[in-house]
Amino acid sequence: MRTPTPKRKPRRSQLASFPAPTGGKVSNRNLALARDPNQPPGAAVLSDFFPTATGVVLRRGIIRRASIVVDDPVLSIFTYISGAVQKMFAAVSTGIRDITTVATPDVFAGPDVLTGQTSGNWNVVQFATAGGQFLIGVNGTDPAFVYDGATFAATTITVPFGSGLDTSDLSYVWVYKQRLYFLQKDSMNVWYLPVDSIGGALTLLPLGGVFVRGGTLTWGQSWSLDSGGSGGLSEQCVFVTTEGEVAAYQGLFPGDASWAKVSSYRIGRPMGDKAFMRAGGDIVIATTVGFVSLAAASRLDYAALGQNAVSYPIEDDWADAVQTRGQNDWRVEVWPDQQMAMISPPPIVGQVPILFVVNVNTGKWCVFNNWDVRSLGLFMGAMYFGSANGTVRQAMVSGTDEGAPFTGQIVPLFEDLGQPGSLKIAKMARAIIRALFEANPRLSGQSNYVVDLPPPPSLGIPPEGSEWGVGLWGGALWGESRTAIVTGDWVPVGAYGHDISIGVQVTSGAVSPVDAELVRIDLMFDLGEQGT
């Protein structure tokens with residue numbers, strides 16, 4: 001007896017959500033364990049979105065602060081702050097310019113406070129004596145300078161007779177226990193001045209017999225461990241070589257009986273004399289094995305540093321930048337007001353400039369694109385960077401990159417959506433975004449760990465009257481009376497595979513920043529049969 005074939009019930013679409021990747025960009029997690037219950041959700045791509053504790057927020061753009069010399073990179077930005085006197089300076093190879101106040105940022109004007117130089121890569125420290133507050137600068141090429149708040153001048157530093165050296169041979173300067181210390185370029189020699197002095201005779205501290213891997217000294221700093229032998233903080237003077245060796249000393253100064261080497265450590269090769277930042281008493285260093293805490297290096301074997309590096313979540317991206325962008329002249333700056341630190345590998349011809357950015361509170365990472373960073377500096381709570389074309393720009397202030405639109409991109413880590421044995425067919429998706437005005441995101445289906453984003457979307461359009469000085473910065477959007485707009489329209493997305501993600505792109509191109517924050521992505525999908 002024949003029985004009728006039962007009617008096949010139509011498939012019912014299922015729903016899934018991708019929370020905002022507050023875990024930042026992740027390139028070291030097992031691909032099959034994207035949704036780790038012990039980790040916040042991460043992203044395969046997090047470009048020009050900054051991870052916060054609640055979501056990921058589209059970065060702001062840049063404006064030009066000053067133009068110095070055409071096509072001469074701005075290699076140093078430094079400041080002088082003493083009471084009511086606050087100054088910012090930028091250096092190119094031929095000299096230094098005061099850019100505290102610039103009437104016409106788009107007009108190029110030559111250096112006007114120190115001229116006749118041959119290198120703009122200055123290392124500068126502010127130092128107080130009974131005579132006042134001073135800047136001391138060295139670059140290993142030009143004579144050292146001293147700045148007293150009004151005038152740049154030659155220093156009164158002298159070197160021992162017969163040494164064949166002068167202050168142009170000093171390449172780095174820092175302060176330890178009220179003394180100025182200097183490195184002699186291309187050597188293992190350290191020089192220091194008398195206590196509370198910005199001039200006078202230098203005294204030599206040779207360290208050639210301390211380090212066994214060769215190379216030269218690249219920088220030195222004061223550093224504090226959690227505790228010393230007598231309890232409490234232990235302030236030490238550390239010396240770092242180009243080969244990644246660190247020697248730590250304690251004591252008043254090298255000529256005192258208290259001066260002694262207390263330890264030595266090995267880190268990856270440091271990637272420049274400006275490739276580190278302070279984190280409390282600790283120092284975090286950009287090295288070939290990652291962004292390494294010196295405190296961690298003092299506790300761990302060298303072989304374990306990589307997996308304990310601050311940069312471990314982006315291990316693959318960091319290693320790729322080390323290989324493709326070089327191991328010298330990286331720049332690091334921490335921005336406490338914005339809870340972020342910026343790490344800039346050297347830009348290279350033919351590739352988009354990148355900036356690694358980490359949330360210093362959560363330790364989560366993202367990448368900013370298209371900022372040609374050759375130097376970094378903070379002034380009055382704002383972040384500035386020097387570029388290859390002789391300009392200085394202020395970061396995170398507008399809705400464009402100096403008039404050019406930019407697009408933020410998000411692709412959460414791929415997931416099997418709880419059905420590893422079945423094919424998934426993505427049908428519809430929506431991005432829940434809150435922003436100051438409608439963000440106009442573009443969504444796209446991504447499958448099987450391959451990221452293939454479509455062209456960027458058109459610009460979000462701010463409401464009328466929202467430009468600077470009229471609405472946005474005068475109160476219409478930033479004021480308390482207006483709340484962010486929450487959008488989340490369903491749109492078709494085409495993708496199928498065993499592992500799915502949804503790409504989100506948001507373009508910012510108006511003067512007004514959109515400040516778009518992704519909350520989550522919802523996905524509507526069908527399941528194939530088991531084994532498909």
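From a predicted model like this one, the values you see are computed outputs, not experimental measurements. Residue indices begin at 1 and follow the sequence shown.
- Note on ring orientation: taking the six-membered ring where Trp is involved, the planes of W371 and F368 are perpendicular (angle over 60°, cut-offs 30° and 60°).
- A distance-only check finds no donor-acceptor pair linking the side chain of W365 to the backbone of P51 [under 3.5 Å].
- A distance of 9.0 Å separates CD1 in I68 from OG1 in T94, rounded to the nearest 0.5 Å.
- A donor-acceptor pair under 3.5 Å is formed between the side chain of N359 and the backbone N or O of T362.
- Screening residues 347-357 for side chain to side chain donor-acceptor pair (under 3.5 Å), with sequence neighbours left out, gives R325-Q351.
- Closest approach of L523 to A426, counting heavy atoms only: CD1-CB, 3.8 Å.
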Inset, instruction - Kindly indicate, with the supporting measurements, whether the criterion side chain to side chain contact (heavy atoms under 4.5 Å, CB included) is fulfilled by R97 and L114. - result: CA-CA 7 Å; R97 184 183 180 197; L114 188 64; over 6 Å; no

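- For the atom pair CZ (R374) and CG (D72), the distance works out to 11.0 Å, reported to the nearest 0.5 Å.
- Side-chain atoms of W122 and I96, non-hydrogen and from C-beta on, do get closer than 4.5 Å to each other.
- The one candidate from M88, Q86, Q133 that meets the side chain to side chain contact (heavy atoms under 4.5 Å, CB included) condition with Y80 is Q133.
- With sequence neighbours excluded, no residue forms a ring-ring contact (aromatic ring centres under 6.0 Å, His included) with F406.
- You'll find the ring centres of F152 and F89 inside the 6.0 Å limit.
- Look at D48 and R59 and you find a salt bridge, because one of the NZ, NE, NH1 or NH2 atoms lies within 4.0 Å of a carboxylate O, short of that distance.
- In this structure, F134 has its ring center at least 6.0 angstrom away from the ring center of F127.
- Shown here for L75 and N121, the closest heavy-atom pair between the two residues is O-OD1, 3.9 Å.
- Counting only heavy atoms from C-beta outward, the side chains of P492 and K427 never approach each other to under 4.5 Å.
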Legend entry - Test side-chain hydrogen bond (donor to acceptor under 3.5 Å, both in side chains) applied to S47 and N369, step by step: CA-CA 7 Å; S47 171; N369 290 311; 2.5 Å; yes

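- With no hydrogens or angles considered, a side-chain donor-acceptor pair links N361 and Q339 at under 3.5 Å.
- Considering OG of S501 and CG of N448, their distance stands at 11.5 Å, rounded to 0.5 Å.
- Across all non-hydrogen atoms, the minimal contact from V138 to A144 is CG1-CB, 3.7 Å.
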Inset, instruction - Just do the side chain to side chain contact (heavy atoms under 4.5 Å, CB included) check on V411 and L453 with the steps written out, would you? - result: CA-CA 9 Å; V411 179; L453 294 170; 4.0 Å; yes

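- Here CG of L378 is found 8.0 Å from CG of D337. Values are rounded to the nearest 0.5 Å.
- What you find for V332 and F291 is that their closest heavy atoms are CG1-CZ, 4.0 Å.
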Inset, instruction - Determine, stepwise, if the pair D489 / R430 fulfils salt bridge (Lys or Arg N to Asp or Glu O under 4.0 Å). - result: CA-CA 5 Å; D489 296 331; R430 66 177 180 179; over 6 Å; no

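- The distance from atom CZ of R331 to atom OG of S344, rounded to the nearest 0.5 Å, is 8.0 Å.
- In this structure a side-chain-to-backbone donor-acceptor pair under 3.5 Å is missing from K25 to A43.
- For the residue pair S458 and N440, a side-chain donor N or O sits within less than 3.5 Å of a side-chain acceptor on the partner.
- If you check the side chains of S444 and R442, you find no donor sitting under 3.5 Å from an acceptor.
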Inset, instruction - Show the numbers, then the answer: is there a side chain to side chain contact (heavy atoms under 4.5 Å, CB included) between T391 and F108? - result: CA-CA 8 Å; T391 63; F108 284 90; 4.0 Å; yes

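- The two residues S171 and N123 make their nearest non-hydrogen contact at O-ND2, 3.0 Å.
- Side-chain atoms of S82 never come within 3.5 Å of backbone atoms of V85 as a donor-acceptor pair (strictly under, hydrogens ignored).
- Residues F49 and V506 are in side-chain contact: their nearest non-hydrogen atoms beyond the backbone lie under 4.5 Å apart.
- A donor-acceptor pair under 3.5 Å is absent between the side-chain atoms of E415 and the main chain of I500, judged by distance alone.
- Panel note: side chain D98, backbone T100; a donor-acceptor pair is recorded below 3.5 Å.
- Between the side chain of S27 and the main chain of D316, a donor-acceptor pair closer than 3.5 Å is present.
- Within the 4.5 Å cutoff, the side chain of E402 has no heavy atoms near those of the T400 side chain.
- Inter-residue side-chain proximity for S17 and D522 is flagged as met; some heavy-atom pair is nearer than 4.5 Å.
- Contacts classified as side chain to side chain donor-acceptor pair (under 3.5 Å) and involving residues 277-287 (residues at least two apart or in different chains) are given here: Q221-R278, S222-R278, W223-D282, D282-S293.
- More than 12 heavy atoms of other residues, nucleotides or ligands lie within 6.0 Å of OH in Y312, so this atom counts as buried by the packing criterion.
- V113 has its side chain out of reach of Y147: every pair of non-hydrogen atoms, C-beta onward, lies at least 4.5 Å apart.
- Here the SG-CG distance, from C366 to D317, works out to 11.5 Å after rounding to the nearest 0.5 Å.
- T507 places a side-chain N or O within donor-acceptor distance of the main-chain N or O of P457, the cut-off being under 3.5 Å.
- Distance alone, capped at 3.5 Å, places no donor-acceptor pair between the S508 side chain and the P513 backbone.
- Inspection of the D142 and T118 side chains reveals an N or O donor paired with an N or O acceptor under 3.5 Å.
- The shortest distance between side-chain heavy atoms of Q409 and V45 falls below 4.5 Å.
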Legend entry - Chi angles and distances behind the side chain to side chain contact (heavy atoms under 4.5 Å, CB included) call for M277, E333: CA-CA 6 Å; M277 72 175 195; E333 188 67 71; over 6 Å; no

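- S93 and S119 are not linked by any side-chain donor-acceptor pair at a separation below 3.5 angstrom, with hydrogens and angles left out of the test.
- Between the side chain of T104 and the backbone N or O of D106, no donor-acceptor pair lies under 3.5 Å.
- Between the side chains of T242 and R269, no donor-acceptor pair is found at a separation under 3.5 Å.
- Closest approach of V284 to A279, counting heavy atoms only: CG2-CB, 4.1 Å.
- Side-chain polar atoms of R65 and Y384 form a donor-acceptor pair below 3.5 angstrom.
- Considering only heavy atoms from C-beta on, K424 comes within 4.5 Å of F525 through its side chain.
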